[in-house]
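Following: one structure in structure tokens, then a few remarks.
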Number of protein chains: 2
Amino acid sequence: MISNTEENYLKGLFMLSVTKGEANVNELSKLLDIKMPTVNSMMKKLAEKKLVIYQSYKPIKLTEEGKKAAALIVRKHRLTEMFLVEKMGFGWDEVHEIAEQVEHIQSPLFFKKMDEILGHPKIDPHGSPIPDKDGNIDNPNYHQLNECEVGQSVILKAVRLSSDTFLKFLNAHQMSLGTIITITAKEEFDGNMTLSYGDQKSQVFSYKACERLLVEKQ
Amino acid sequence: MISNTEENYLKGLFMLSVTKGEANVNELSKLLDIKMPTVNSMMKKLAEKKLVIYQSYKPIKLTEEGKKAAALIVRKHRLTEMFLVEKMGFGWDEVHEIAEQVEHIQSPLFFKKMDEILGHPKIDPHGSPIPDKDGNIDNPNYHQLNECEVGQSVILKAVRLSSDTFLKFLNAHQMSLGTIITITAKEEFDGNMTLSYGDQKSQVFSYKACERLLVEKQ
DNA sequence: ATATAAAGTTAGCCTATTCTAACAAAATAT
DNA sequence: ATATTTTGTTAGAATAGGCTAACTTTATAT
Ligand SMILES: [Mn+2]
Ligand SMILES: [Mn+2]
Ligand SMILES: [Mn+2]
Ligand SMILES: [Mn+2]
């Protein structure tokens, strides 16, 4: 049995491990907004349960079992977000908090039905990949918009670190997944980019915004 | 803030109070499958929070605030069951356990959407009334089938104490809400009733089964 | 009117999850 | 090579929610 609390730690570890394959106590503490000593004890407990590999002062790694459990929670989270947007009329900026709760529902049938009704979606409303029933996930190799060059034409595929406020910002600027963007200019000084897309002929996006836009080259 | 645990106690009290307007520790203990001393401490806590009126050795009553909170949880439970059956293709015998979890989701918007999508339903898949947004509930005055007379024709309106096994039993006997039933015979000895409905010309239902069928006279 | 049974309470203990304060190790800067 | 900062650990305490054992009160049956 994995408690809701333990599930949240596993999911946090999973997200932090995407790049480096490991995470540390401090990062996890910040991500979950839980103090380090608490995270430390939980790591001992999860190690006891064979869900993580953990030795004092060393980075934390998920075991295969832990990785699969975590992926299945991420699957439930992202399926839920997709269901809320596609079948219940929510905006992509309204679903994360609800999914954060629904992801803990214990009922394989519930999520199987969601998956079927949605037609086995591969991505969530923010473009993040949905792990399959076995916990396998394919991390597509998108580029951050801030690293693209002037003159390039790209397509918005996903949003990174998608807080509700950032998503509302994108709504306000008529930017959504699939939008085709041409980079008109790029400021060396602060990384500001001037973009042309849809109706917008020269919108200036900050470095902080561009960093979060994951695109694919046309 | 009312925790999930507290919500379950409030809901239990609400159900037990339907008839007498009050409940006692022993009943609640059995309903929730939690030992009496634990229930006792929780009653003190809920009294502290002004959600129940409680004095030692006296029956427990919900305050107006407690009653409303409980009704809103019941609302979420029943809306969920309706959504699962009507919009996600579940059978009426598969939804209770899931609703038991979903009822604790904190998101008024989530349940508002459900309610809209369902067209503001007044009853759940088992015929139980759904409290409105203010927590008001109208308990319709149905009759238990076992109390009806031979020769009477009635309509099945709701199922009481609807366990999954009982609902599966009804499925197997092609009995569902709306079924028109004629009472052919009634055995004095054990209360068995012979029923005629739909394709079934003379099905014998035990007292225990009839007790759980709530009907309206034609 | 007792005696017995059922219901309710108290006391004390347990696990899960969190925190703060103090200390230790590792990483970074001078 | 130190000194300082950052990261990690330990110890001790708190709160929520649950349990058993023992005792008390109320209800029921002789
Ligand atoms: Mn999310
Ligand atoms: Mn969560
Ligand atoms: Mn139910
Ligand atoms: Mn519940």
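Sequence lines set the chain letters: A, B, ... in the order given, protein chains first and strands last, and positions in each chain run from 1.
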Dump every N/O contact between nucleotides 3-5 of chain D and the protein below 3.5 Å, one line per pair.
none

* Asked: With sequence neighbours excluded, what pairs up with A/Tyr207 under the ring-ring contact (aromatic ring centres under 6.0 Å, His included) test?
  ->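 Checked A/Tyr207 against ring-ring contact (aromatic ring centres under 6.0 Å, His included); zero matches.
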*Sequence neighbours excluded, which residues qualify as ring-ring contact (aromatic ring centres under 6.0 Å, His included) partners of B/Phe14?*
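Result, ring-ring contact (aromatic ring centres under 6.0 Å, His included) vs B/Phe14: none returned.
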* Asked: Would B/Arg75 count as a cation-pi partner of B/Phe111, with NZ or CZ less than 6.0 Å from the six-membered ring centre and within 45° of the ring normal?
  ->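 Because its charged atom misses either the 6.0 Å distance or the 45° angle limit, B/Arg75 does not stack over B/Phe111.
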Subject >> Contact list for residues 100-114 of chain A, test side chain to side chain donor-acceptor pair (under 3.5 Å), sequence neighbours left out >> reply: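 Pairs touching residues 100-114 of chain A that pass the test: A/Glu7-A/His104, A/Glu7-A/Gln106, A/Asn8-A/His104, A/Lys11-A/Glu100, A/Lys11-A/Glu103, A/His77-A/Glu103, A/His96-A/Glu100, A/Lys112-A/Glu116.
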message: Using a heavy-atom cut-off of 4.0 Å across all strands, would you classify A/Lys44 as base, sugar-phosphate, or nothing?
response: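 The residue A/Lys44 makes sugar-phosphate contact but no base contact.
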5' to 3', nucleotides 16-28 of chain D under a 4.0 Å protein heavy-atom cut-off (B base, S sugar-phosphate only, - none) gives SSBBBB---S---
Distance check needed: [N] [atom2] versus [X] [atom1], whole Å only.
X: A/Lys58; N: C/dA24; atom1: NZ; atom2: P; answer: 20 Å
X: A/Leu32; N: C/dT17; atom1: CG; atom2: C1'; answer: 13 Å
X: B/Asn40; N: C/dT9; atom1: CG; atom2: P; answer: 4 Å
X: A/Gln55; N: C/dA25; atom1: CD; atom2: P; answer: 16 Å

Requested in this report: Please work out which residues in residues 10-28 of chain B have a non-hydrogen atom less than 4.0 Å from an atom of DNA chain C and list them by number.
Outcome: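 Those residues are B/Asn24, B/Val25, B/Asn26.
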**Request:** Return the minimal non-hydrogen interatomic distance between A/Ile130 and A/Ile123, and the atom names on each side.
**Result:**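 Closest approach of A/Ile130 to A/Ile123, heavy atoms only: CD1-O, 3.4 Å.
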>> Minimum heavy-atom separation for A/Glu94 and B/Leu109, please, with both atom names.
In response: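 Residues A/Glu94 and B/Leu109, closest heavy atoms: OE2-CD2, 3.9 Å.
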Margin query: Within the structure provided, determine whether B/Leu28 and B/Met36 are in side-chain contact (heavy-atom separation under 4.5 Å).
Written below: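 They are not in side-chain contact.
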**Prompt:** With a 4.5 Å heavy-atom cut-off, do A/Ile117 and A/Phe83 have their side chains touching?
**Reply:**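 A side-chain contact under 4.5 Å exists here.
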Parallel under 30°, tilted from 30 to 60°, perpendicular over 60°: which one fits the rings of B/Phe169 and B/His173?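 Taking B/His173 first and then B/Phe169, their aromatic rings sit tilted (interplane angle of 30° to 60°).
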Check: How far apart are the C-alpha atoms of B/Lys20 and B/Glu27, what are their side-chain angles, what is the distance that settles it, and do they pass the salt bridge (Lys or Arg N to Asp or Glu O under 4.0 Å) test?
Finding: CA-CA 13 Å; B/Lys20 299 162 296 176; B/Glu27 286 168 349; 2.7 Å; yes
Original post:
Counting only side-chain N and O atoms of B/Tyr54, is one of them less than 4.0 Å from OP1 or OP2 of C/dG8?
Top reply: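 False: B/Tyr54 side-chain N/O out of range (4.0 Å or more) of C/dG8 OP1/OP2.
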Given B/Glu64 and B/Lys67, is the salt bridge (Lys or Arg N to Asp or Glu O under 4.0 Å) satisfied, shown in steps? CA-CA 5 Å; B/Glu64 279 310 308; B/Lys67 214 175 293 178; 3.2 Å; yes
